[in-house]
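Only one structure is covered here, and it is reproduced in the block below.
In this text the structure is predicted, and so the values were computed from the model without any measurement. Only heavy atoms go into these numbers, but all of them, side chains included; no hydrogens, no water, no symmetry mates. We name chains A, B, ... by the order of the sequence lines, and we start the count at 1 in each one.
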Amino acid sequence: MAVRGYDENEEKKSYGSVFLLGTSLLVAVSLWSLWDDNITRRPWKKFQTEFYRLDYRKAKAAYDEEDKKLKADPGYQDLVKKLAAAEDSLTRGELAKKLKSLRAEEARATVRFGDLDQEVKFIKSELEEAWYEYDHAVQQGRNTKRYQETIQELEKEKAKVDPQLEAARQKREQLKEEIKNLDAGIKELENQLSKMAAERDKWIRVMENATVNLGLLSIYKIPKIRQIVLDEFDRNNFDEPTGRVDRCQTCHIAANRPGFENEPQPFRTHSRREVLLADSAHSPDKFGCTVCHEGQGAAVNSVRQAHGEVSYWEFPLLRGAKAQSSCASCHLDVQKLQDAPLLAQGQRIFEQIGCTGCHLVQGYENIPKIGPSLRRINAKADASWMVRWIANSHNYRPQTRMPNFSFKEDEATAIAAYLWSASKEEGDKWLEGHPAPAGFREGDKEMAAKGKNLAEAVGCKGCHGLAEGEASTVLGKEKEIIPNLKNIAAKVGPRWIYYWVKNPRDFSPDTRMPSLRLSDQEALAITTYLATLGSKSEAIAGIEEKLGDAKNAKRGEALVRKYGCFGCHDIPGMEKESRIGVELSTFGSKTLEELFFGNRADIRHTWDDWTYNKLKTPRIYATERIEQVMPQFNLAEEDIKALRILLASFRDKKVPSRYTADRSQRAVQVVEGRRLMHQYNCIGCHEIENRGGFIRKYYENPALAPPPLNGEGEKVQSHWLFGFLKEPIPLRPWLNVRMPTFNFSDQEANLLIGFFNGLSRVEIPYAYFDDRKVPKEHLDAARILVSKEYFNCFSCHKQGDKNPEGPQEGWAPDLNLARSRLNPNWIIKWLQDPQKVQPGTKMPSFFPGGPDNIMGGKDEKQIEALRDYIVMLGTKAPGADGGRTASR
Amino acid sequence: MKKAMLVFLVAALVTLPLSSLLAYEGGAVSDGGTISGVVKFKGAAPAPKKVEVTKDKEVCAKTAKNDPTLIVSGGNLVNAVVSITDIKKGKKMAPQKVTMDQNGCEYKPHVLAFIVGSSVDILNPDGILHNVHSYSKANSPFNMAQPKFKKTITVKIDKPEAISVKCDVHGWMSGWLFAAENPYFSVTDNSGSFKLTDVPPGTYTLEVWHETLGKVSQKVTVKAKQEAKVTFEMEKK
Ligand SMILES: [Cu+2]
């Protein structure tokens, strides 16, 4: 009978195979997941193991090398033998017996000392008790005699035991000392040996660090993730601070270890490690790697992921020079960073080639327009030259900063017509007041020769080239920030040149060109000379009418607005126009979706490629529908590279202040002051921050060139420098070259002083020198030292009206000026070693080696005395009554 | 012990710069020959230019001075240095102790040649301030004051170089320190002639250096115990 629901066949069926299949699948999946979790997705484990092996092998090799040296070193082997002998004699022979008995004796002495010590302690506590009873009895008015007796007895007992205890202590110490003396020889030998073997034995520690010891077994260290967390370094989409996890050193394990410079990545030592990864710079333990190199710091699953070279990760690894673009995230003053030359170069180009005329960038908002004012252009430039210049500036001067807008001739004519009409009123008025210079004779050879000499002597070449190939300050590879004048006659005429060289600010109040304080005759000579450079432009037929045509002018105005000429030039009526380009403050963070590639299919879609091609061919992404107006700058490849590094540094991420470098007021002053310094091209003549002084190449005798200004902040007093900048005085009358008058505003002069002080790290710009504290003996001694018999300082140095003998070029600065000009502390430094302060200076070192018979022959004393004397020279009666004996 | 010394020697040789290793090996020369000759000046000999003493006349103007930068005597060039530039082995070479005097505000000799590594005593018997300003490039430049009380300054020149020396106090004073790489050098005398002795037989490059006229060189072959005659000619470039 069949039970309901019971299927006999079903009961007889075996499910064994299904279970087996299920179980083996489960086992397989478990194994696979274990494998995947531990091996496939942990490539870093392999790297680390590989590294430990490498580390161990290198250390072993180094150890063997050192060991071989020691084995070959007879001194070391000698010590080894001595040590062995000494140890031997301590384990066997007479010494060994003595040591044994001493040790036994020491043990006994220790026991004896312990016993006595215990005894004394007991007596002491009994005494305490007796005293307590005594005090108690006194307070209760009982008889105290009993207690007094007990106390006396105990004191007596203690007095008896105390010396015994002391004797026992001494005995024990003495025995200890004797044993130590027996050992001392060995200790000393061991010390010497370990000192000699230090170079070898340090490798033992390295080997130990790469391995783990499991009893007798030694295996390579077990790999583990090495990570650094930068608290609150990043911000999430809700603008909340988040930490950054940086695990790069899991594989790049030797980045901060010397000795792996030639190993393949990921094991290589970081380049310039001692500087870049120093604790005072970017210790990897504090900053990790992604702060500079980007990538996906938390990823360890694959090299590509870790390097962030995968889709949708916005910060791919920055290799090599590209990492320089990260410097600007934390460093305000990038110009002083020795290890970011491309970034610094890019910044110089960016600031000086006019990018900021069209593009707004945070931190670069206040850079003045770089081109000349066109307010009176019709009174200055030749009309036909002007049209050609606008059409393609690079034809006239290939190195000019003015970019080429590729205007057609009719467009260029229209723009010129507009500029003519806009400047007509002011230009004509200026012309009225400035008639052609009387006495100018075109082509007067004698006068032109005079002008040429003068132009070269007063320092025109500090900024302007006057012939083919001559250049002073070069921007980037070959851009001129100041025009070469070899073909100036094509552009301007003698009437304008004359008034311009006499006083540039008369024509253009905001020009950067300074006044060289030329007399009328000098200006005339230079005008005659300049008018011979190049030839006049060939006139375009009917140019007058074309420029006078109102229709042309109207069209020109539209073009000027469209192309944003006012970004670089001051144009009447367009003072309020704003920049026509896009803001670039966060350009470096632009994603590919934000970059317009037009119809270019031949350009790889990366930020780098987009930017490179944009800088190389600015209108490359234009399409039939979308016009682009950025002009062609003709940048050299290396300049594009530098600019790309800078542009990549314009990021939207702001690094929290606790991670940033110096952003103090001083750093700001240095940055802004340097910018001003570049604007006025101080480095054309002067070497500053060990850069520049380009005019020096024209001087055979460096003493006749403008002085280098490295360390100027430390050298001169701020208030003196202020006065000098505002109104230069001839400090070195023997120089032909003139420090020009720049008409700096108070603000500009202060900015430059802040710049020099910041560079020299001058903390306190004003320091008081107390005349009354100058000891008389200093002045007396110095008076002898400066005399003809000794240092003969005035053989070269001027002193007020007293001039040295011989020709002017052999003279040295007026020491009467030192008081108001020089920092007293700098004078000390200068006297100690002039060559160190200013390599190549004519000033010889007088020290070390001052005379023995003055101030006890002590150099420092003599230097101090000379300093005091020099500072006092500038007072009305030099030295004479300044030398009151002082109370110090 | 010997082995250890060897190891040390090898280590020392490896760590020393290669140039010094290849420089020169000195020893005894038994069958050496001689190179002698003159350096001729091509072109019209310049008239001696008087140097105008503008300073410290009571001391410096005692003796008349001519511009020392180009002196031609009987058609031959004075104060040129003739040296062998490519000799690796020859007579013994040891640092010398040489002297340059500033007597009368003039460097004497005007060109002082010596073996590299030598000490140069610079004397100041004038009783006035001079300064010794070197314009060296290979050696580190110096500019030392030499006041009246400092009768002697000693400098050591460690690298081969022709060093211009000037006094900034007396603009006309100029001289040269010529530190030679090997002991085969000779400054042409007042008749423009020079002589190099104990030269091992062989073919060498002989170079003449002059402060104003630059350098000229030629090959010369020396035979054992014989004299090779050489004539140089230099001209204004
Ligand atoms: Cu002198």
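What you find for B:Ala145 and A:Pro844 is that their closest heavy atoms are N-CB, 3.4 Å. Pairing each heavy atom of B:Leu129 with each of A:Phe791, the nearest pair is CD2-O, 3.2 Å.
Residues B:His130 and A:Ser795 are not in side-chain contact: their nearest non-hydrogen atoms beyond the backbone lie 4.5 Å or more apart. B:Thr54 places none of its side-chain heavy atoms less than 4.5 Å from the side chain of A:Glu805. Contact of the B:Val169 side chain with the A:Cys796 side chain is registered, since non-hydrogen atoms from C-beta on lie closer than 4.5 Å.
With a 4.5 angstrom heavy-atom cutoff, B:Lys166 does not touch chain A via any of its atoms. Both the backbone and the side chain of A:Glu789 come within contact range of chain B, judged by heavy atoms closer than 4.5 Å.
For the atom pair A:Ser845 OG and B:Asn131 CG, the distance stands at 9.0 Å (nearest 0.5 Å). With rounding to the nearest 0.5 Å, the separation of CG in B:Asn143 from OG1 in A:Thr841 is 7.0 Å.
Within a 6.0 Å radius of CG in A:Asn191, other residues, nucleotides and ligands contribute more than 12 heavy atoms.
Between chain A and the residues B:His170, B:Glu52, B:Lys148, the most heavy-atom pairs under 4.5 angstrom are made by B:Lys148.
Pairs passing the ring-ring contact (aromatic ring centres under 6.0 Å, His included) check and including a residue from residues 131-159 of chain B, sequence neighbours excluded, read A:Tyr790-B:Phe149, B:His133-B:Tyr135.
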